[in-house]
S.K.: 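Take this structure, written in structure tokens, and hold onto it; I'll ask about it next.
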Amino acid sequence: MHQAIVNWFGRNARDLPWRSADCSPWGVLVSEVMLQQTPVVRVLPVWKDWMSRWPDPGSLAAAASGDAVRAWGRLGYPRRALRLHAAAAAITAEYDGEVPGSYDRLLTLPGVGSYTAAAVAAFAFGHRETVVDTNIRRVQARLSSGQALPAPALTAAEMRLATELLPEEPVLSVKWNAAVMELGALICTARSPRCTECPVRAECSWLAAGEPEPTYTPRGQAWAGTDRQVRGAMMAALRAAESGLQRELLFAAAPSIVTQVHGTGTESEPDSDALSPVGAQLHRLYALKAEEDQLARAIEGLLRDGLAQALDGGRIALPL
DNA sequence: CACGCGTGGCG
DNA sequence: TCGCCAAGCGT
């Protein structure tokens with residue numbers, strides 16, 4: 001089974017720049033953070049631009065966090081850009097600008113959890129690590145456990161199984177981790193798996209069991225009418241401002257979003273009390289349009305200081 | 001530990 | 001069309 005999957009990987013692996021032999025540990029770290037919950041095709045152009053602009057942790061640490069957020073573009077979950085910026089600062093201050101190679105030290109960095117720490121230690125430093133991402137979990141669930149999908153949350157049993165399956169030899173273990181991830185991404189996909197092309201279809205417990213249905217239904221993420229929608233609109237306006245914020249852009253985005261959050265289109269002004277916390281804050285900001293000096297300072301403050309809270313706290317903390 | 005966090009493409 | 005899904009993390 002190991003031989004079949006590793007051989008398949010040798011023939012079918014995508015040619016991704018962060019897999020190149022001359023890619024730095026920093027490049028691997030940046031790719032892993034960008035790939036958290038974001039598809040490869042969307043990461044590729046942003047990663048190239050990011051690495052060209054900030055080729056090492058020190059250069060990113062010297063930049064403004066707002067620039068990191070803008071360069072993040074539309075990858076989503078922009079708090080990751082803030083955490084990567086903070087990680088660059090920590091690497092510069094505590095590790096002399098060199099990305100640490102040990103799992104334990106990587107784990108201390110902002111935005112680096114158990115998966116990313118293991119992935120960077122393995123893929124950038126060649127260490128033998130138990131790497132478990134959503135692809136590996138799904139392959140294990142089908143191949144070994146006969147389940148259509150893994151459990152909603154990562155379990156200790158899954159970690160044990162992954163460690164049991166991991167080859168002893170470090171170089172082979174790195175290939176194995178990458179190969180199983182790639183198999184999950186290209187063949188053993190969540191919705192329409194391409195089992196006829198699978199190199200281990202003969203050993204698959206899920207196929208042998210007759211492709212049973214998932215035993216639970218995943219819960220979707222709310223979007224319309226939520227604070228997330230308001231934050232998304234504000235982030236789009238903030239990104240659009242190249243230097244400082246052109247407040248017209250924020251105002252242009254505000255009324256339609258406030259109306260959406262409040263309800264269907266009416267001529268009257270929305271009642272701010274009926275809005276979500278972020279929606280109410282945005283409405284309050286919109287109402288201050290006349291006082292331009294105060295408004296300009298507020299927006300600059302939002303960009304400079306309040307952005308982290310806006311992204312992390314679930315509410316816009318305007319310094320008004 | 002269950003939950004909230006952006007965004008866009010696809011079945 | 002619309003809900004599901006994508007190399008998770010922090011609280």
Side-chain angles (χ1 to χ4, degrees), chain A residues 13-14 16-19 27-47 69 72-84 86-87 106-124 129-139 148-156 158 162 174 177-186 188-194 214 216-224 226-239 257 276-278 307-316:
Chain A
R14 290 168 291 181
L16 303 172
W18 45 84
R19 286 179 179 163
V28 174
L29 173 60
V30 171
S31 78
E32 291 298 344
V33 174
M34 288 184 174
L35 287 163
Q36 292 167 2
Q37 301 282 282
T38 305
V40 166
V41 287
R42 222 178 306 166
V43 166
L44 270 170
V46 180
W47 182 87
V69 172
W72 197 254
R74 307 183 68 80
L75 288 183
Y77 291 153
R79 57 175 58 177
R80 293 182 292 163
L82 291 173
R83 291 181 180 151
L84 190 50
L106 285 161
L107 198 56
T108 69
L109 298 173
V112 176
S114 59
Y115 162 75
T116 303
V120 172
F123 301 138
E129 303 284 348
T130 303
V131 178
V132 179
D133 78 323
T134 189
N135 290 304
I136 292 179
R137 295 184 65 211
R138 191 173 52 250
V139 171
L149 294 174
L154 178 62
T155 65
E158 289 178 276
V174 171
N177 282 325
V180 179
M181 286 178 64
E182 194 78 336
L183 187 67
L186 298 183
C188 196
T189 56
R191 266 178 294 183
S192 301
R194 308 164 72 172
Y216 74 101
T217 56
R219 293 173 47 87
Q221 299 176 331
W223 171 252
T226 67
D227 288 358
R228 300 178 81 184
Q229 185 187 24
V230 177
R231 269 197 306 281
M234 293 197 72
M235 287 309 305
L238 292 168
R239 277 194 305 269
I257 295 300
S276 68
V278 175
L307 195 52
Q309 293 178 46
L311 297 175
D312 261 339
R315 40 187 282 141
I316 304 294

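Just so we're clear, the structure is a prediction, and the values are computed from it rather than from any experiment. Protein chains get the first letters and strands the later ones, always in sequence-line order, with residue 1 at the start of each.
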S.K.: Do A:L35 and A:V40 have side chains that get closer than 4.5 Å, going by heavy atoms?
M.R.: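 A side-chain contact under 4.5 Å exists here.
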S.K.: When rounded to the nearest Å, what value does the distance between C1' atoms of B:dC1 and C:dA6 take?
M.R.: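 It comes out at 23 Å once rounded to the nearest Å.
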S.K.: Paired with C:dC4: which nucleotide, if any, by Watson-Crick or G-U wobble criteria at under 3.5 Å for both distances?
M.R.: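 Answer to the pairing question: B:dG9, which forms a Watson-Crick or G-U pair with C:dC4.
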S.K.: Less than 3.5 Å between a donor and an acceptor, one on the side chain of A:R191 and one on the base of C:dC4, is that the case here?
M.R.: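 By the distance-only test, yes, there is a pair.
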S.K.: Using atom P of each nucleotide, how far apart are B:dG11 and C:dA7 to the nearest Å?
M.R.: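 The same atom, P, in both gives a distance of 15 Å.
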S.K.: Can you work out whether A:V112 or A:L16 has the more 5'-proximal nearest nucleotide on DNA chain C?
M.R.: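 In this pair, the answer is A:L16.
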S.K.: Which part of the nucleic acid does A:T116 contact within heavy-atom distance under 4.0 Å: base, sugar-phosphate only, or nothing?
M.R.: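 It contacts sugar-phosphate atoms only.
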S.K.: Going by heavy atoms in the side chains, are A:V132 and A:Y115 under 4.5 Å from each other?
M.R.: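 No; the side chains remain at least 4.5 Å from each other.
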S.K.: What does A:A119 touch in the nucleic acid at a heavy-atom separation under 4.0 angstrom: a base, only the sugar-phosphate, or nothing?
M.R.: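 Since no nucleic acid heavy atom lies under 4.0 Å of A:A119, the category is nothing.
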S.K.: Using a heavy-atom cut-off of under 4.0 Å over every strand shown, decide if A:W18 touches base, sugar-phosphate, or nothing.
M.R.: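 Result for A:W18 = base.
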S.K.: Distance between the P atoms of C:dC4 and B:dC3, in whole angstroms?
M.R.: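 Straight-line distance between the two P atoms is 16 Å.
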S.K.: In whole angstrom, what separates A:L75's CG from B:dG9's P?
M.R.: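 Going from CG in A:L75 over to P in B:dG9 covers 13 Å.
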S.K.: Dump the intermediate steps for side-chain contact (heavy atoms from CB on, under 4.5 Å) on A:R14 and A:R19, then the final yes or no.
M.R.: CA-CA 9 Å; A:R14 290 168 291 181; A:R19 286 179 179 163; 4.1 Å; yes
S.K.: Considering every strand and a 4.0 Å limit on heavy-atom distances, what is the contact class for A:V33: base, sugar-phosphate, or nothing?
M.R.: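 Here A:V33 touches no strand at all.
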S.K.: Of A:Q37 and A:S192, whose closest DNA chain B nucleotide lies nearer the 5' terminus?
M.R.: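 Mapping each residue to its closest nucleotide by heavy atoms, the 5'-most match is A:Q37.
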S.K.: Would you mind reading off the distance between A:R80 atom CZ and B:dG4 atom P, rounded to a whole angstrom?
M.R.: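 Roughly 19 Å, once rounded to whole Å.
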S.K.: Among C:dA7, C:dA6, C:dG8, find the nucleotide with the atom closest to the side chain of A:Q36.
M.R.: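 Nucleotide nearest to A:Q36's side chain: C:dG8.
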S.K.: I need the minimum non-hydrogen distance between A:E129 and A:A122, along with the two atoms involved.
M.R.: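 A:E129 and A:A122 have their closest heavy atoms at CG-N, 4.1 Å.
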S.K.: If you pin A:A117 and A:T38 to their nearest nucleotides in DNA chain C, which one's is more 5'?
M.R.: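 Its nearest nucleotide lies further toward 5', so the answer is A:T38.
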S.K.: Between B:dT7, C:dC5, C:dA7, which nucleotide has the shortest distance from any of its atoms to the side chain of A:R42?
M.R.: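 Nearest listed nucleotide: B:dT7.
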S.K.: Which whole-number value in Å describes the distance from A:L109 CG to C:dG10 C1'?
M.R.: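 My rounded result for the distance is 15 Å.
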S.K.: Between C1' on B:dG6 and CZ on A:R79, what's the gap in Å once rounded to a whole number?
M.R.: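 Distance check: A:R79 CZ to B:dG6 C1' gives 10 Å.
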S.K.: Return the value, rounded to whole Å, for the distance between atom CZ of A:R137 and atom C1' of C:dC5.
M.R.: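 Rounding to the nearest Å, CZ of A:R137 and C1' of C:dC5 are 14 Å apart.
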S.K.: Quick one: A:L154 CG to B:dC3 P, roughly how many Å, whole number?
M.R.: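 Atom CG in A:L154 sits about 17 Å away from atom P in B:dC3.
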S.K.: Would you sort out whether A:R79 and A:W72 count as a side-chain contact (heavy atoms from CB on, under 4.5 Å), showing the intermediate values?
M.R.: CA-CA 10 Å; A:R79 57 175 58 177; A:W72 197 254; over 6 Å; no
S.K.: Go nucleotide by nucleotide along DNA chain B from the 5' end; which of A:A153 and A:G76 gets its closest nucleotide reached first?
M.R.: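 Looking at DNA chain B, the more 5' nearest nucleotide goes with A:A153.
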S.K.: Should A:R138 be listed as having a side-chain N or O under 4.0 Å from OP1 or OP2 of C:dA6?
M.R.: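 So the side chain of A:R138 is within the cut-off, an N or O lying under 4.0 Å from OP1 or OP2 of C:dA6.
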S.K.: What are the two closest non-hydrogen atoms of A:T116 and A:E32, and how far apart are they?
M.R.: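 Looking at all heavy atoms of both residues, the shortest contact is CG2-CB, 3.9 Å.
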S.K.: Using a distance-only test with no angle check, is there a side-chain donor-acceptor pair under 3.5 angstrom linking A:R80 and A:T38?
M.R.: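 Per modelled atom types, A:R80 and A:T38 side chains form a pair under 3.5 Å.
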S.K.: Base, sugar-phosphate or nothing for A:P152? Non-hydrogen atoms, less than 4.0 Å.
M.R.: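 Nothing, no nucleic acid heavy atom in range.
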S.K.: Contact class for A:T189 vs. all strands (heavy atom < 4.0 Å): base, sugar-phosphate, or nothing?
M.R.: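 The residue A:T189 makes no contact with any strand.
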S.K.: For atom C1', what is the distance between C:dC5 and B:dG6, given to the nearest Å?
M.R.: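 Pairwise C1' distance, C:dC5 against B:dG6, rounds to 13 Å.
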S.K.: How many whole angstroms separate atom CD of A:E32 from atom P of C:dC9?
M.R.: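 Going from CD in A:E32 over to P in C:dC9 covers 9 Å.
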S.K.: How long is the line joining CG of A:L44 and P of B:dG9, in whole Å?
M.R.: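 Rounding to the nearest Å, CG of A:L44 and P of B:dG9 are 15 Å apart.
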